[in-house]
Chemist: 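Sharing a structure, written as structure tokens. Questions coming.
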Amino acid sequence: MSMKHNHPFHLVDYSPWPLTGALGAFITVSGMIMWFHQFNNSLLLLGNLILILTMIQWWRDITREGTYQGLHTLPVIYGLRYGMILFIVSEVFFFVSFFWAFFHSSLSPVIEIGSIWPPKGINPFNPLQIPLLNTVILLSSGLTVTWAHHSILENNYNQAIQSLFFTVILGVYFTMLQAYEYYEASFTISDAIYGSTFFMATGFHGLHVIIGTTFLIVCLLRQIFSHFSKTHHFGFEASAWYWHFVDVVWLFLYISIYWWGS
């Protein structure tokens with residue numbers, strides 16, 4: 001008969017979710033190829049469905065391990081912290097590549113685009129309209145998520161829920177405004193190097209906002225179910241770190257691409 005013991009290291013149970021996650025990623029990539037070449041997105045939707053179901057059940061298991069089974073001991077929490085920090089560092093370098101492409105093309109525009117930036121025929125967005133409003137929204141969401149953190153540290157249950165709710169609303173509002181901005185854009189991703197770098201950088205940032213908003217929604221639900229305490233709330237801390245990272249990236253995007261680049 002086997003017996004379960006708590007260890008000072010992260011000894012996880014057998015789980016099918018890494019396998020189903022890899023399978024979902026493979027099907028998603030294969031579905032994107034089929035969508036691009038055959039205009040059939042059925043395999044892509046299947047892959048996305050597998051990934052979503054995998055994430056929901058994997059997060060459920062991790063929440064159970066940390067909240068009810070007591071497996072997230074202090075050394076385990078330290079390991080999770082380092083893992084999240086390294087993940088955010090990798091994301092920083094991911095966005096550095098887009099900024100590198102943008103400045104490489106904008107600081108010395110080639111003759112093929114008229115030796116000017118933005119290229120001839122491109123009508124960039126006014127940085128004092130929706131981009132500025134989105135900047136205010138994200139900075140405000142940074143304040144509300146910090147408010148939520150302090151509320152959890154003070155065991156203020158109601159204020160933690162309120163501040164997390166406001167953060168989620170601001171994240172959704174940002175996404176809606178960016179979608180409207182894309183809809184009203186006078187250029188597309190295929191319009192020279194400006195369109196490519198603009199939509200790749202802002203689009204991936206928008207994807208990160210959606211991921212971060214989902215992260216915060218999970219934290220809001222966990223706070224409602226009293227999963228967090230002043231001494232045990234790393235799940236929220238990870239989401240707050242990620243959200244602050246998203247805020248900082250947007251500031252660089254706004255200053256370089258929307259303001260300076262226009």
Chemist: Check Ser42 against Asn40 and note the closest heavy-atom contact, atom names and distance.
Modeler: OG-OD1, 2.9 Å
Chemist: Is any side-chain heavy atom of Tyr242 closer than 4.5 Å to one of Ile211?
Modeler: yes
Chemist: For the atom pair CE (Met200) and CZ (Phe95), what is the distance rounded to the nearest 0.5 Å?
Modeler: 10.0 Å
Chemist: With distance as the sole test, does His233 use its side chain to make a donor-acceptor pair with the main-chain N or O of Ser229 at under 3.5 Å?
Modeler: yes
Chemist: Can Trp241 and Phe87 be said to form a ring-ring contact (aromatic ring centres under 6.0 Å, His included), step by step?
Modeler: CA-CA 11 Å; Trp241 293 351; Phe87 169 70; over 10 Å; no
Chemist: Under the 3.5 angstrom rule, does the side chain of Tyr157 hit a backbone N or O of Ile224 as a donor-acceptor pair?
Modeler: yes
Chemist: Working note: Leu216 + Leu220, criterion side-chain contact (heavy atoms from CB on, under 4.5 Å); need CA distance, chi angles, decisive distance, verdict.
Modeler: CA-CA 6 Å; Leu216 290 169; Leu220 174 60; over 6 Å; no
Chemist: So how far is it from Leu23 CG to Ile50 CD1, rounded to the nearest 0.5 Å?
Modeler: 5.0 Å
Chemist: Parallel, tilted or perpendicular: which fits the ring planes of Phe198 and Tyr194, with parallel below 30° and perpendicular above 60°?
Modeler: parallel
Chemist: Output the distance between atom CD1 (Ile193) and atom OG (Ser105), rounded to the nearest 0.5 Å.
Modeler: 4.0 Å
Chemist: Using the rule that Ile, Leu, Val, Met, Phe, Trp and Tyr join whenever any side-chain heavy atoms are under 4.5 Å apart, tell me whether Leu207 and Val218 fall into a single cluster.
Modeler: no
Chemist: Are Ile169 and Val172 close enough, and set up right, to give a side-chain contact (heavy atoms from CB on, under 4.5 Å), and what steps lead you there?
Modeler: CA-CA 5 Å; Ile169 292 299; Val172 172; 5.7 Å; no
Chemist: Suppose the criterion is salt bridge (Lys or Arg N to Asp or Glu O under 4.0 Å): which pairs have a residue in residues 72-94, not counting sequence neighbours?
Modeler: Arg81-Glu237
Chemist: Compare every heavy atom of Val145 with every heavy atom of Thr167, then report the nearest pair and how far apart it is.
Modeler: OG1-N, 3.4 Å
Chemist: Give the ring-plane orientation class for Phe204 versus His208, where under 30° counts as parallel, over 60° as perpendicular and anything between as tilted.
Modeler: perpendicular
Chemist: Under a 3.5 Å cutoff, is there a donor and acceptor pairing between the side chains of Thr202 and Tyr182?
Modeler: yes
Chemist: First locate atom OG of Ser90, then atom CD1 of Ile85, and finally report the distance between them rounded to the nearest 0.5 Å.
Modeler: 12.0 Å
Chemist: Quick one: are Thr67 and Phe228 in side-chain contact, heavy atoms under 4.5 Å?
Modeler: no
Chemist: With a 4.5 Å limit on heavy-atom distance, are the side chains of Thr73 and Val76 in contact?
Modeler: yes
Chemist: Is Ser163 reaching over with its side chain to a backbone N or O of Ala160, donor-acceptor style, under 3.5 angstrom?
Modeler: yes
Chemist: For the hydrophobic clusters of this structure (ILVMFWY residues joined by side-chain heavy atoms under 4.5 Å, transitively), does one cluster hold both Phe199 and Phe36?
Modeler: no
Chemist: Are more than 12 heavy atoms from other residues, nucleotides or ligands located less than 6.0 Å from atom CZ of Phe165?
Modeler: no
Chemist: State, to 0.1 Å, how close Phe245 and Val92 come at their nearest heavy-atom pair, and which atoms those are.
Modeler: CE1-CG2, 3.7 Å
Chemist: When you look at Tyr173 and Leu133, which way does the side-chain contact (heavy atoms from CB on, under 4.5 Å) test go after all the steps?
Modeler: CA-CA 10 Å; Tyr173 188 32; Leu133 177 58; 4.1 Å; yes
Chemist: State, without any angle test, whether Trp58 and Ser15 hold a side-chain donor-acceptor pair at a distance under 3.5 Å.
Modeler: no
Chemist: Check step by step if side-chain contact (heavy atoms from CB on, under 4.5 Å) holds for Trp17 and Thr20.
Modeler: CA-CA 5 Å; Trp17 311 130; Thr20 59; 3.5 Å; yes
Chemist: Counting C-beta onward and ignoring hydrogens, is there a side-chain heavy-atom pair between Phe125 and Phe187 closer than 4.5 Å?
Modeler: yes
Chemist: Could you tell me which non-hydrogen atom of Pro127 sits nearest to which non-hydrogen atom of Tyr254, and how far apart they are?
Modeler: O-OH, 2.8 Å
Chemist: With a 3.5 Å distance limit and no angle check, can you tell me whether Ser196 reaches the backbone of Ile189 through a side-chain donor-acceptor pair?
Modeler: yes
Chemist: According to the interplanar angle, ranging from 0 to 90°, do the rings of His72 and His232 count as parallel (below 30°), tilted (30 to 60°) or perpendicular (above 60°)?
Modeler: tilted
Chemist: Return the set of residues passing ring pair (Phe, Tyr, Trp, His ring centres under 6.0 Å) with Phe166 (not counting sequence neighbours), or none when no residue passes.
Modeler: none
Chemist: Looking at every non-hydrogen atom in both residues, tell me the closest pair between Leu253 and Ala201 and how far apart they are.
Modeler: CD2-CB, 3.7 Å
Chemist: Distance check, rounded to the nearest 0.5 Å: Leu46 atom CG versus Asn41 atom CG?
Modeler: 11.5 Å
Chemist: Aromatic rings Trp250 and His205: how do their planes relate, parallel, tilted or perpendicular, breaks at 30° and 60°?
Modeler: tilted
Chemist: Are Ile56 and Ile217 linked, directly or through intermediate hydrophobic residues, by side-chain heavy-atom contacts shorter than 4.5 Å (ILVMFWY only)?
Modeler: no
Chemist: Is it the case that one hydrophobic cluster holds both Trp35 and Ile27, taking links as side-chain heavy atoms less than 4.5 Å apart, direct or via other members?
Modeler: no
Chemist: Distance check, rounded to the nearest 0.5 Å: Glu181 atom CD versus Asn134 atom CG?
Modeler: 6.5 Å
Chemist: What do you reckon, is CH2 of Trp259 surrounded by more than 12 foreign heavy atoms closer than 6.0 Å?
Modeler: no
Chemist: Taking ring pair (Phe, Tyr, Trp, His ring centres under 6.0 Å) as the criterion, tell me which of Trp100, Phe94, Phe102 meets it with Phe98.
Modeler: Phe94
Chemist: Would you say Phe26 has more than 12 foreign heavy atoms packed within less than 6.0 Å of its CZ?
Modeler: no
Chemist: Heavy atoms, side chains only, cut-off 4.5 Å: are Trp117 and Ile122 in contact?
Modeler: no
Chemist: Is there a chain of hydrophobic side chains (I, L, V, M, F, W, Y, each step under 4.5 Å between heavy atoms) that links Leu132 to Phe252?
Modeler: yes
Chemist: Around Phe103, counting heavy atoms of other residues, nucleotides and ligands shown, do more than 12 lie under 6.0 Å from its CZ?
Modeler: yes
Chemist: Sub-3.5 Å donor-acceptor pair from the side chain of Gln57 to the main-chain atoms of Leu53, do we have one?
Modeler: yes
Chemist: Any idea how Phe215 and Trp59 line up, ring-wise: parallel (<30°), tilted (30 to 60°), or perpendicular (>60°)?
Modeler: parallel
Chemist: State, to 0.1 Å, how close Thr146 and Gly142 come at their nearest heavy-atom pair, and which atoms those are.
Modeler: OG1-O, 2.8 Å
Chemist: Taking Ser141 for the side chain and Leu138 for the main chain, is one N or O donor matched with an acceptor at less than 3.5 Å?
Modeler: yes
